[in-house]
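Comments concern the structure below.
Order of appearance sets the numbers: ligands from 1, and atoms from 1 within every ligand. Predicted, not measured: the structure shown is a model, and the values here were computed from it.
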Amino acid sequence: EDEAFLAAFQRRIDAEEKIEPNDPMPEGYRRTLIRQIGQHAHSEIVGMLPEGNWITRAPSLRRKAALLAKVQDEGGHGLYLYSAAETLGVSREQMTEELLAGKAKYSSIFNYPTLTWADIGAIGWLVDGAAIMNQIPLCRCSYGPYARAMIRVCKEESFHQRQGYEIMMTLANGTPEQKELAQDALNRWWWPSLMMFGPHDSDSQHGDQSMRWKIKRFTNDELRQQFVDSTVPQAEFIGLTLPDPELKWNEERGHYDFGPIDWDEFWRVVKGGGPMNKERLEARQKAWDEGAWVREAALAHAEKRKARREA
Ligand code: ACO
């Protein structure tokens with residue numbers, strides 16, 4: 001790739017032009033997008049597991065219907081994202097194989113267990129809240145198919161966030177035992193939610209280049225700060241306490257200061273050593289194996305139709 005090509009590409013990016021699948025693009029740009037969109041797709045699919053765990057135990061028909069719809073939405077998001085990645089020349093089979101082989105990452109957050117019903121509230125409120133914070137700017141990502149997929153995804157995530165917050169609000173206003181469940185879930189999900197935004201900017205390997213290519217519009221730390229700033233008043237409103245003694249409004253910065261993140265825990269979870277990593281991959285492997293006959297039947301059907309058309 002010569003410098004003139006790279007410079008011409010950067011000028012298109014700087015002019016806010018969208019890059020489309022058949023446009024020439026630097027190999028690094030393509031690779032970065034395949035990595036990020038693939039990881040994002042896997043996160044949506046693996047993300048169905050912790051909540052799927054509670055569908056049959058939701059406390060009312062209304063809660064069950066909402067949770068079922070939300071988990072289905074996540075499956076849909078995974079499919080749009082695999083399709084967006086496929087426009088870059090990788091196949092869904094390849095991406096799935098990399099996930100199952102432990103080579104492709106998915107979000108660290110989905111390696112924590114959902115122990116009580118309140119965890120479903122905490123996930124909707126915090127995990128989907130963090131996801132939206134990260135994904136709204138992706139609607140302006142320089143790669144067209146990814147940006148367009150994000151628009152619908154964000155609308156649905158916003159419903160997910162509200163259903164979670166409403167569960168937390170109901171529990172927080174309930175009996176002392178219910179309030180305790182909500183607080184316990186918040187205590188366990190708060191720090192992992194902050195880790196979702198990725199390492200500090202100084203340790204973010206891809207951050208600078210992705211900002212230049214306008215794949216990312218904000219850095220990991222900027223989005224994490226926005227998330228903290230918007231979540232603190234939400235916690236106050238429902239009378240729950242964020243588990244961080246160092247959390248404090250900083251008048252000078254115009255932001256909340258917060259305590260240190262346990263990066264050892266983050267990397268342990270990212271590298272496969274979290275509480276649920278093994279179970280999550282086993283569940284995906286089982287689904288892949290048990291779906292083999294569906295893939296074979298769909299292919300055979302497509303072949304038959306093609307042969308009939310050509311006859
Ligand atoms: N969980 C697992 N891995 C992570 C996480 C995380 N929370 N954060 C960063 N990483 C990985 C990166 O993938 C990268 O690893 P790699 O080089 O092997 O691919 C490494 O840590 C270093 O991080 P960065 O250089 O900062 O990576 P990047 O620039 O890609 O930023 C981020 C990470 C912010 C997650 C980005 O990829 C992104 O915005 N992705 C799209 C959103 C997304 O995937 N959301 C998933 C959760 S939301 C949901 O599914 C509901």
Other cluster members, I136 - Ile/Leu/Val/Met/Phe/Trp/Tyr, side-chain contacts below 4.5 Å: I132
Protein residue, atom and distance nearest to atom 42 (C) of ligand 1, heavy-atom basis: N134 OD1, 3.1 Å
Atom indices of ligand 1 within 4.0 angstrom of R35 heavy atoms, with elements: 13 (O), 19 (O), 30 (O)
Test side chain to side chain contact (heavy atoms under 4.5 Å, CB included) applied to Q234 and M168, step by step: CA-CA 10 Å; Q234 294 169 1; M168 289 302 260; over 6 Å; no
Check: W125 and E166 side chains under 4.5 Å, non-hydrogen atoms: no
Atom 45 (N) of ligand 1 [closest protein heavy-atom partner, distance rounded to 0.1 Å]: H40 CD2, 3.8 Å
Heavy-atom nearest option to atom 46 (C) of ligand 1, drawn from S43, G38, S204: S43
Polar contact flag for S210 and ligand 1 (N/O pairs, less than 3.5 Å): no
Proximity of M195 to ligand 1 by residue part, where a heavy atom lies under 4.0 Å: backbone
ILVMFWY network linking Y106 to W288, side-chain heavy atoms under 4.5 angstrom: no
Full working for side chain to side chain donor-acceptor pair (under 3.5 Å) between D119 and T116: CA-CA 6 Å; D119 289 30; T116 74; 3.2 Å; yes
Steps toward salt bridge (Lys or Arg N to Asp or Glu O under 4.0 Å) verdict (E282, K286): CA-CA 6 Å; E282 278 169 3; K286 181 163 178 276; over 6 Å; no
Where V127 and S193 come nearest, the two heavy atoms and their spacing: CG2-OG, 4.1 Å
Path from V46 to Y80 over hydrophobic side-chain contacts below 4.5 Å: no
Proximity to ligand 1 by part of Y146, non-hydrogen separation under 4.0 Å: side chain
Shortest heavy-atom approach to atom 51 (C) of ligand 1 - which of A130, A104, G47, A131: A131
Structural part of N220 in contact with ligand 1, heavy atom criterion under 4.0 angstrom: side chain
Close side-chain approach of K105 and R35, heavy atoms under 4.5 Å: no
Under 3.5 Å: N/O of Q205 near N/O of ligand 1: yes
Contact atoms of ligand 1, heavy-atom distance to F197 under 4.0 Å: 34 (C)
Proximal atoms of ligand 1 relative to Y106 (non-hydrogen, under 4.0 Å): 1 (N), 2 (C)
Side-chain touch R188/L115, heavy atoms, less than 4.5 angstrom: yes
Among A41, S107, G198, P199, closest by any non-hydrogen atom to atom 23 (O) of ligand 1: P199
Contact (N/O only, under 3.5 Å) between W267 and ligand 1: no
Structural part of V127 in contact with ligand 1, heavy atom criterion under 4.0 angstrom: neither
For S108, atoms of ligand 1 separated by under 4.0 Å from a heavy atom: 1 (N), 2 (C), 6 (C), 7 (N)
Flag: protein heavy atom within less than 4.0 Å of atom 2 (C) of ligand 1: yes
Option of least heavy-atom distance to atom 28 (P) of ligand 1 (set: M133, Q36, K216, Q39): K216
F218 heavy atom under 4.0 Å from ligand 1: no
Contact partition for K105 relative to ligand 1, non-hydrogen atoms under 4.0 Å: side chain
Ligand 1-proximal atoms of F266, by part, heavy-atom distance under 4.0 Å: side chain
Heavy atoms of other groups near E3 CD, more than 12 under 6.0 Å: no
E16 bridged to R217 by N-O distance under 4.0 Å: yes
Shared hydrophobic cluster, L67 / M169 (ILVMFWY, side-chain heavy atoms < 4.5 Å): no
Region of H206 that comes within reach of ligand 1 [heavy atoms, distance under 4.0 Å]: both
